[in-house]
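Supplied in structure tokens, the structure appears directly below.
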Amino acid sequence: MTTGPDPTISLYALDAQDIAWALGHLEDWLLHADPDTHRDLNEFCRGTSTNPDHLIDTLGHLSILIHRQLRAINPPGAAID
């Protein structure tokens, strides 16, 4: 059993930036997708504990979280977007 802080992983900043970009665009696409896409997502999630709306929200939150962390490690004015 682990005691203490959560374990962490290391990523290069550019890789984290790419992941944040992909998560953000996927969330945006799903938010604006047509009803057929939403039906497909609901069908895909059926039988799992995943709520499609929660999944979309999580994509956006994770994108924001990664962007905030990137800004915290880059000096002011650094291009990270």
Does Thr58 form a side-chain contact (heavy atoms from CB on, under 4.5 Å) with Leu23? I'd like the steps, not just the answer. CA-CA 9 Å; Thr58 300; Leu23 292 171; over 6 Å; no
Side-chain donor-acceptor pair under 3.5 Å between Thr37 and Asp34, yes or no? yes
Any donor-acceptor N or O pair under 3.5 Å, side chains Asp28, His32: yes
Among Asn51, Thr50, Asp40, Asp53, which residue meets the side chain to side chain contact (heavy atoms under 4.5 Å, CB included) test with Cys45? Thr50
Tightest non-hydrogen contact, residues Glu27 and Ile56, listed as CG-O, 3.4 Å
Does a side-chain heavy-atom distance below 4.5 Å link His67 with Ile64? no
Side chain to side chain, Leu30 and Leu55, heavy atoms closer than 4.5 Å: no
Does the ring centre of His25 sit less than 6.0 Å away from the ring centre of Trp21? yes
Cluster question for you: counting only ILVMFWY and a side-chain heavy-atom cut-off of under 4.5 Å, with indirect links fine, are Leu11 and Leu59 together? yes
Would Leu62 end up clustered with Trp29 when hydrophobic side chains under 4.5 Å apart are linked, directly or stepwise? yes
Which residues satisfy the salt bridge (Lys or Arg N to Asp or Glu O under 4.0 Å) test with Arg68, sequence neighbours excluded? none
Between Leu14 and Gln17, does the side-chain contact (heavy atoms from CB on, under 4.5 Å) criterion hold? Intermediate values first, please. CA-CA 5 Å; Leu14 289 177; Gln17 184 178 338; 3.6 Å; yes
Distance in Å, Glu43 CD paired with His38 NE2, rounded so as to fall on 0.5 Å steps: 15.5 Å
Partner set under salt bridge (Lys or Arg N to Asp or Glu O under 4.0 Å) for Asp15, not counting sequence neighbours: none
